[in-house]
Amino acid sequence: MSATRRIPLLSTLMLSAVLAGCGGSPSVRYYTLQSDPETAVRSVPRVDYQIEVAPVNVPQQADQPQIMLRPGGDSALTPMYSDRWSAPLADEIRSALADTLTRTLGALDVQTLTPAPDVPVWRIQVDVQRFDMVVGGPARLDATWRVRPLNVKGGRALLCRSTVQLPADQFNAVNSLVQAQQQAVVLLGNTIASAIQSGGARATPAAEQVQMLGCT
């Protein structure tokens, strides 16, 4: 066989080997923090103000494409290469919070739009300090958050810190922990919503799993 005929043959063999290797790779599963629409809270009547959910800050160690699990209560983190977020974690949390707030308050989210100058707007900022997913539970979400009124008559700014902690099934670690964090984001969103509903006067924990660590 001539050298010129061996080159295409070798290329074909190499391509076949690569395809065979890809065929043996484990499939990737993608997860989201947005709740199932069928189980989400039913929308309420529209209000006369809008909300603006700013981009969320998350810890760098958790903000990875792969879902990061803690095998135990120690500081070790294990990346789950076959289990990934469907979008960057910061975007997942922001979208899930915005969905909860719009449904709970009946307000439009104008984060990507410019509202009219005289439209009342509540701006929501969230800084996540911890986003833990421990094998066997719990799932923990710690966040400092602020609501600030723009053109809202009588509205006050409020800065709070909240911790949400939920159990998870150790025998179905990833799926159970993702579902727990979905619920944690909903509870955080409902707690933030209570601050807006009070005009910035107070924040009420949405459930017993939510601990308030102070508001100013």
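Remember, it's a predicted structure, so these values are computed and weren't measured experimentally. In what follows, residues are counted from 1 in the order of the sequence shown.
Side-chain contact between Y30 and W85 is absent, with no heavy-atom pair separated by less than 4.5 Å. In this structure the side chain of R29 reaches within 4.5 angstrom of the side chain of S82, judged on heavy atoms. At a threshold of 4.5 Å between non-hydrogen side-chain atoms, the residues R70 and T78 do not count as touching. With a 4.5 Å cut-off on side-chain heavy atoms, S162 and L213 do not count as touching. A heavy-atom distance below 4.5 Å is not found between the side chains of L108 and I51. Side chains of L97 and L188 form a contact here, defined as non-hydrogen atoms less than 4.5 Å apart. Within the 4.5 Å cutoff, no side-chain heavy atoms of R140 are placed close to those of V164. By the 4.5 Å heavy-atom criterion applied to side chains, W122 and L150 are not counted as neighbours.
Listed by first then second residue, pairs satisfying disulfide bond (SG atoms under 2.5 Å apart) with a partner in residues 107-144 number zero, not counting sequence neighbours. Residue pairs satisfying the disulfide bond (SG atoms under 2.5 Å apart) criterion with at least one member in residues 112-146, sequence neighbours excluded, are absent. Every pair passing disulfide bond (SG atoms under 2.5 Å apart) that includes a residue from residues 180-216 is listed here, sequence neighbours excluded: C160-C215.
Linking Ile, Leu, Val, Met, Phe, Trp and Tyr residues whenever their side-chain heavy atoms come within less than 4.5 Å leaves V186 and L177 in two separate clusters. Linking Ile, Leu, Val, Met, Phe, Trp and Tyr whenever their side-chain heavy atoms come within less than 4.5 Å leaves V134 and V174 in two separate clusters. One hydrophobic cluster holds both Y31 and V185 under the rule that ILVMFWY side chains link at heavy-atom gaps under 4.5 Å. V121 is not connected to V53 by any chain of hydrophobic side-chain contacts under 4.5 Å among Ile, Leu, Val, Met, Phe, Trp and Tyr, and they are in different clusters. Note on V135 and F131: same hydrophobic cluster, where clusters join Ile, Leu, Val, Met, Phe, Trp and Tyr whose side-chain heavy atoms are under 4.5 Å apart, directly or indirectly.
Considering all non-hydrogen atoms of both residues, T104 and A193 come closest at CG2-CB, 3.8 Å. Here the shortest heavy-atom pairing between A107 and V47 reads CB-CG2, 3.7 Å. Nearest heavy-atom pair across V147 and A195 is CG2-CB, 4.1 Å.
For the side-chain contact (heavy atoms from CB on, under 4.5 Å) test, residues two or more places apart in sequence or in another chain that qualify with P79 are Q66, M68, Y81. A207 meets the side-chain contact (heavy atoms from CB on, under 4.5 Å) test with L187, Q209; sequence neighbours excluded.
Within a 6.0 Å sphere centred on CZ of R156, heavy atoms belonging to other residues, nucleotides or ligands number 12 at most. Other residues, nucleotides and ligands contribute at most 12 non-hydrogen atoms within 6.0 Å of the CZ atom of R202.
Note that CD of Q183 and CG of L166 are 4.5 Å apart. Values are rounded to the nearest 0.5 Å. Atom CZ in R123 sits 4.0 Å away from atom CD in E52 (nearest 0.5 Å). Remark: Q34 CD to I93 CD1 distance equals 12.0 Å, nearest 0.5 Å. The distance from the CG atom of L33 to the OG atom of S86 is 8.0 Å, given to the nearest 0.5 Å. Atom-to-atom distance recorded for I192:CD1 and Q197:CD is 12.0 Å, nearest 0.5 angstrom. The distance from the CG atom of L158 to the OG1 atom of T216 is 7.0 Å, given to the nearest 0.5 Å.
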ask   = Stepwise, does the side chain to side chain contact (heavy atoms under 4.5 Å, CB included) test hold for R161 with M212?
value = CA-CA 6 Å; R161 180 163 182 180; M212 301 300 297; over 6 Å; no
message = For a side chain to side chain contact (heavy atoms under 4.5 Å, CB included) check, start with the C-alpha distance between R148 and L159, then their side-chain angles and the critical distance, and finish with the verdict.
response = CA-CA 9 Å; R148 186 159 65 92; L159 175 67; over 6 Å; no
query = Should L101 and I124 be marked as a side chain to side chain contact (heavy atoms under 4.5 Å, CB included) after you check the CA-CA gap, both sets of side-chain angles, and the distance that decides it?
reply = CA-CA 10 Å; L101 287 163; I124 299 103; 4.2 Å; yes
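At least one donor-acceptor pair under 3.5 Å links the side chain of S194 to the backbone N or O of T191. The backbone N or O of V128 sits nowhere less than 3.5 Å from a side-chain atom of D142 that would complete a donor-acceptor pair. E92 places a side-chain N or O within 3.5 Å of a backbone atom of A87 that can act as its donor or acceptor partner. Using modelled atom types, one side-chain atom of Q182 and one backbone atom of T32 make a donor-acceptor pair closer than 3.5 Å.
Residues D109 and T102 have side chains that never bring a donor and an acceptor to within less than 3.5 angstrom of each other. In summary, the side chains of T144 and D127 do not present any donor paired with an acceptor at a separation below 3.5 Å, with no hydrogens or angles considered.
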Pairs of donor and acceptor atoms involving the side chains of residues 54-62, under 3.5 Å and at least two apart or interchain, shall be tabulated with distances.
none

